[in-house]
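Reckoned from all heavy atoms, side chains included, excluding hydrogens, waters and symmetry mates. For clarity, every value in this text was computed on a predicted model and none was experimentally measured. Throughout, a chain's letter reflects where its sequence line sits, starting with A, and its residues are numbered from 1.
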Amino acid sequence: MKSEPDSRIVDGKDVKFSITDLENAKEPEPWTGVRNYAARNNMQAMKKGELALFYHSNTKVPGVAGIMEIVEEATIDKTAFDPENPYYDPKSKREKPAWYCVSVTFRERFPRIISLHELRKHDTLSRMELFSKARLSVSRVTAEEFHFIASLKDMEDEVIDYFPQT
DNA sequence: GCCAACGTTGGC
DNA sequence: GCCAACGTTGGC
């Protein structure tokens with residue numbers, strides 16, 4: 001699940017949300033603002049208790065920053081009804097909502113960012129939806145991909161360069 | 001229902 | 001800031 005860790009102003013509102021922001025959150029965070037049907041469908045498929053990768057996008061070193069947990073399954077994304085919200089969508093009506101969001105909580109921050117560049121080097125990850133549908137803000141991750149990425153967190157980049165996981 | 005034009009995402 | 005990839009819109 002992608003989020004932008006750097007400040008960016010959309011309609012006068014800062015849309016930045018980093019893994020630090022999630023770590024500091026006192027309440028479960030509703031993953032609002034997703035306005036793409038495939039990404040929405042992926043959120044609607046999520047079950048309570050499942051884990052998700054927190055991905056930093058649109059930043060100097062894009063990549064996976066850590067892990068979060070789905071604590072509430074998809075519910076109506078009410079930000080779509082709010083004209084003041086940067087992700088307001090007049091097509092989504094209260095009587096027929098178009099957009100949904102899950103709620104997540106912080107689980108773990110990786111000791112380093114597993115960069116997109118690094119993810120691309122591993123054959124195990126070559127079929128990730130992150131690459132084939134690169135513009136989706138919520139994409140599918142298989143259990144194998146998830147565990148493989150989590151296993152990279154304690155390795156140094158240089159070590160990986162010497163011993164590629166192929 | 002086709003598809004050209006347009007808009008958005010996000011890496012680089 | 002550029003632009004490739006691709007989703008959305010709307011005229012026909």
Figure out the [atom1]/[atom2] separation between [X] and [N], and round it to whole Å.
X        : N      : atom1 : atom2 : value
A/Leu119 : B/dG10 : CG    : P     : 15 Å
A/Arg120 : B/dG10 : CZ    : P     : 13 Å
A/Met128 : B/dG11 : CE    : P     : 13 Å

Within the 4.5 Å heavy-atom criterion, are [X] and [Y] side-chain neighbours or not?
X        : Y        : answer
A/Ser139 : A/Lys133 : no
A/Asn24  : A/Phe106 : no
A/Glu129 : A/Val141 : no

Minimal non-hydrogen separation, A/Gly49 against A/Glu69, with atom names: CA-OE2, 3.8 Å
Do you know which two heavy atoms are closest between A/Thr124 and A/Glu145, and how far apart they sit? O-CG, 4.3 Å
Would you jot down, in residue-number order, the residues of residues 51-65 of chain A having a non-hydrogen atom under 4.0 Å from DNA chain B? A/Tyr55, A/Ser57, A/Asn58, A/Pro62
I'd like a table of atom pairs between the protein and nucleotides 4-9 of chain B - only N or O on both sides, under 3.5 Å - with the distance next to each one.
{"residue": "B/dT9", "atom": "O3'", "partner": "A/Arg135", "partner atom": "O", "Å": "3.2"}

A/Trp99-A/Phe81 aromatic ring centre distance below 6.0 Å: no
State whether A/Arg127 and A/Glu144 are salt-bridged, where the test is any N-O pair (Lys NZ or Arg NE/NH1/NH2 against Asp/Glu carboxylate O) under 4.0 Å. no
Around atom NZ of A/Lys13, are there more than 12 heavy atoms from other residues, nucleotides or ligands closer than 6.0 Å? yes
